[in-house]
Asker: 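Once you've had a glance at the structure underneath, I'll fire off some questions.
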Amino acid sequence: MQTEYSAADIAAARSLQTYTYIYTSAATFWTYDYACSLHQELTFLIQSRWTKVKGLYILTRYTPFLLFIAHLYLNFVPDDNPNMCQTINNICSCFSLISVICAECFFIIRTYALWNNNKLVLAAMVIGFLVVIIGSVGVLFTATAQAPFETSTISGITGCYQSAGSDELFVPFILLFALELGLVSLTLIHAIQSWRLARSHLYSVLLKHNIFYYACGLLFSMVNIFTSLLLQYAYNGMLQDFQIIILAILATRMHLHLWHIDRQIHGSDAHMLIPLTDVSSVGRTG
């Protein structure tokens, strides 16, 4: 006897399949990027001194690995228990928050460097960052607690999704959009103020990295705001963690690139950690 499914059941199943494909593709891309940068990364990890920023790099680099394990388990292992889905989703949310906080910290430090250790700029960035963190944590876990998780009624379709009540999940991306808009504005203001001054190659790389990172962050945040508001089933969250993974890759890749440039400038025997004295008086960043 053939079972008939409603249009809503079929749409939900397709959204789960699409979500699984996107997450599998993201995991493949992350693995490929890690393999391509393995030599540079090992050089950095072995030859650079242990500092707080190096610890920040390791946390930013490897937290997505834990995020992938949890999400791929959720996507591929059959489980009809919505409570288990909610528990694993909460774990994934914690990993996502850690990853995006670490990635943003890199560029708050860089923006602080560009502004020559300006304490007012630092205070503004830190206050804005804390507002984003507190607001995001509150919204994420409140929405998860209130919005029920459902699994597909179609046999063979694994994974789960929030069926309703998760519309406010766009709020963290609005907060992140506002933060990155403020940071890119600070970067552009400083670039305009100092464009006539002679600057080093290290300064130019730092400036380009900041602008490109913020542009990607703004683009993905805008996309996630619209998908969270306009799409249903698993579609509304299919790019949320993808943004976090891309930002983590950009932050760590750019840090590696800057470290290797600094190493070439100062010689391979100088085990320095990107002194930014050419950019500002910030001392060292990694």
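For the single chain, residues carry numbers from 1 onward in sequence order. Hydrogens, waters and symmetry mates play no part in the numbers below; they use all other heavy atoms, side chains included.
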Asker: Would you kindly confirm whether Leu66 and Leu59 end up in one hydrophobic cluster when ILVMFWY residues are joined by side chain heavy atoms under 4.5 Å apart?
Answerer: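 The answer is no; the residues belong to distinct hydrophobic clusters.
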Asker: Say whether, by atom type as modelled, one donor and one acceptor occur between the side chain of Trp115 and the main chain of Leu186 under 3.5 angstrom.
Answerer: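 Side chain of Trp115 to backbone of Leu186, a donor-acceptor pair under 3.5 Å: yes, one is there.
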Asker: To the nearest 0.5 Å, how far apart are CD1 in Ile101 and OG1 in Thr63?
Answerer: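 Going from CD1 on Ile101 over to OG1 on Thr63, the span is 10.5 Å.
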Asker: With rounding to the nearest 0.5 angstrom, report the CZ to OG1 distance, Phe68 to Thr28.
Answerer: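 Output value for this atom pair is 8.5 Å.
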Asker: Do Met125 and Ile134 share a hydrophobic cluster (ILVMFWY, side-chain heavy atoms under 4.5 Å, transitive)?
Answerer: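 Cluster IDs for Met125 and Ile134 differ.
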Asker: Using the rule given for side-chain contact (heavy atoms from CB on, under 4.5 Å), can you reason through Ser93 versus Gln240, listing the C-alpha separation, both sets of side-chain angles and the distance that settles it, and then say yes or no?
Answerer: CA-CA 10 Å; Ser93 296; Gln240 291 176 0; over 6 Å; no
Asker: Output yes when a side-chain donor or acceptor of Asn116 lies under 3.5 Å from a complementary backbone atom of Asn118, and no otherwise.
Answerer: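 Not at all, since once roles are kept as given, no pair shorter than 3.5 Å links the two residues.
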Asker: Any side-chain to backbone donor/acceptor pair from Ser25 onto Tyr21? Under 3.5 Å, distance only.
Answerer: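 Flag set: sc Ser25 to bb Tyr21 pair under 3.5 Å.
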Asker: Measure the shortest side-chain to side-chain distance between Leu67 and Ile98 over non-hydrogen atoms and say whether it is less than 4.5 angstrom.
Answerer: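 Counting from C-beta outward, Leu67 and Ile98 never come under 4.5 Å.
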Asker: Between Ile58 and Trp50, is a side-chain contact (heavy atoms from CB on, under 4.5 Å) present by the stated rule, with each step listed?
Answerer: CA-CA 11 Å; Ile58 293 173; Trp50 282 96; 3.4 Å; yes
Asker: Using the six-membered ring wherever Trp is involved, compare the ring planes of His71 and Tyr23 and label them parallel, tilted or perpendicular (cut-offs 30° and 60°).
Answerer: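 Plane angle between 30° and 60°, so tilted.
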Asker: Angle between ring planes, His255 versus Phe106, binned at 30° and 60°: parallel, tilted or perpendicular?
Answerer: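 Geometry flag for Phe106 against His255: tilted rings.
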Asker: Out of curiosity, does Val121 fall in the hydrophobic cluster containing Leu130 (side-chain heavy atoms, cut-off under 4.5 Å, transitive links)?
Answerer: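 Leu130 and Val121: one cluster.
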Asker: Heavy atoms only: give me the nearest Ile88-Ala70 pair and the separation to one decimal.
Answerer: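 Taking Ile88 first and Ala70 second, the nearest heavy atoms are CG2-O, 3.7 Å.
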Asker: Within the 4.5 Å heavy-atom criterion, are Lys54 and Trp259 side-chain neighbours or not?
Answerer: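 Not touching, per the 4.5 Å side-chain cut-off.
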Asker: Say whether Ile127 and Val132 are linked into one hydrophobic cluster, either directly or through other cluster members, by side-chain heavy-atom distances under 4.5 angstrom.
Answerer: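 No, it is not one cluster - the side chains of Ile127 and Val132 are not joined through contacts under 4.5 Å.
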Asker: For residues 205-216, which side-chain N or O atoms pair as donor and acceptor with protein atoms under 3.5 Å away, sequence neighbours left out?
Answerer:
{"from": "His209", "atom 1": "ND1", "to": "Arg110", "atom 2": "NH1", "distance (Å)": "3.2"}
{"from": "Tyr213", "atom 1": "OH", "to": "Glu104", "atom 2": "OE2", "distance (Å)": "2.9"}
{"from": "Tyr214", "atom 1": "OH", "to": "Phe107", "atom 2": "O", "distance (Å)": "3.1"}
{"from": "Tyr214", "atom 1": "OH", "to": "Thr111", "atom 2": "OG1", "distance (Å)": "2.8"}

Asker: How about Tyr57 and Thr252: do any of their side-chain heavy atoms sit closer than 4.5 Å?
Answerer: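 Side-chain contact under 4.5 Å: yes.
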Asker: What's the separation between atom CH2 in Trp30 and atom CZ in Phe65, rounded to the nearest 0.5 Å?
Answerer: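 So the gap between those two atoms works out to 6.0 Å.
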Asker: For the OG atom of Ser48 and the NE2 atom of His260, what is their distance to the nearest 0.5 Å?
Answerer: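 Result: 9.0 Å between the selected atoms.
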Asker: Following the transitive rule for hydrophobic clusters with a side-chain heavy-atom cut-off under 4.5 Å over Ile, Leu, Val, Met, Phe, Trp and Tyr, establish whether Ile249 and Tyr32 coincide in one cluster.
Answerer: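 In one cluster with Ile249: Tyr32, no.
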Asker: side-chain contact (heavy atoms from CB on, under 4.5 Å), that's the test. Do Lys52 and Cys105 meet it? Break it down for me.
Answerer: CA-CA 11 Å; Lys52 293 179 181 179; Cys105 280; over 6 Å; no
Asker: Output, in order, the C-alpha distance, side-chain angles, deciding distance and verdict of side-chain contact (heavy atoms from CB on, under 4.5 Å) for Ile245 and Phe29.
Answerer: CA-CA 10 Å; Ile245 292 159; Phe29 177 72; 5.6 Å; no
Asker: Considering residues at least two apart in sequence or located in another chain, which fulfil the side chain to side chain donor-acceptor pair (under 3.5 Å) criterion with Tyr62?
Answerer: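 Only Tyr34, Glu41 meet the side chain to side chain donor-acceptor pair (under 3.5 Å) criterion with Tyr62.
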Asker: How many angstroms lie between CD1 in Ile69 and CG in Leu72, if you round to the nearest 0.5 Å?
Answerer: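 It comes to 8.5 Å.
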Asker: Sequence neighbours excluded and cut-off under 3.5 Å, please list the side-chain donor-acceptor pairs for residues 174-183, or say none.
Answerer:
{"from": "Glu180", "atom 1": "OE1", "to": "Leu218", "atom 2": "N", "distance (Å)": "3.4"}

Asker: With rounding to the nearest 0.5 angstrom, report the CG to CZ distance, Leu250 to Phe220.
Answerer: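 These two atoms lie 8.5 Å from each other.
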Asker: Please find the pair of heavy atoms, one from Gly217 and one from Gln243, that lie closest to each other, and give the distance.
Answerer: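 Shortest heavy-atom separation between Gly217 and Gln243 comes out as O-NE2, 3.6 Å.
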Asker: If I compare all heavy atoms of Thr60 with all of Cys102, which pair ends up nearest, and what's the gap?
Answerer: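 Distance-wise, the nearest heavy atoms are OG1-CB, 2.9 Å.
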Asker: Under 3.5 Å, side chain of Ser136 to main-chain N/O of Ile133, donor-acceptor pair present?
Answerer: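 Side chain of Ser136 to backbone of Ile133, a donor-acceptor pair under 3.5 Å: no, none is there.
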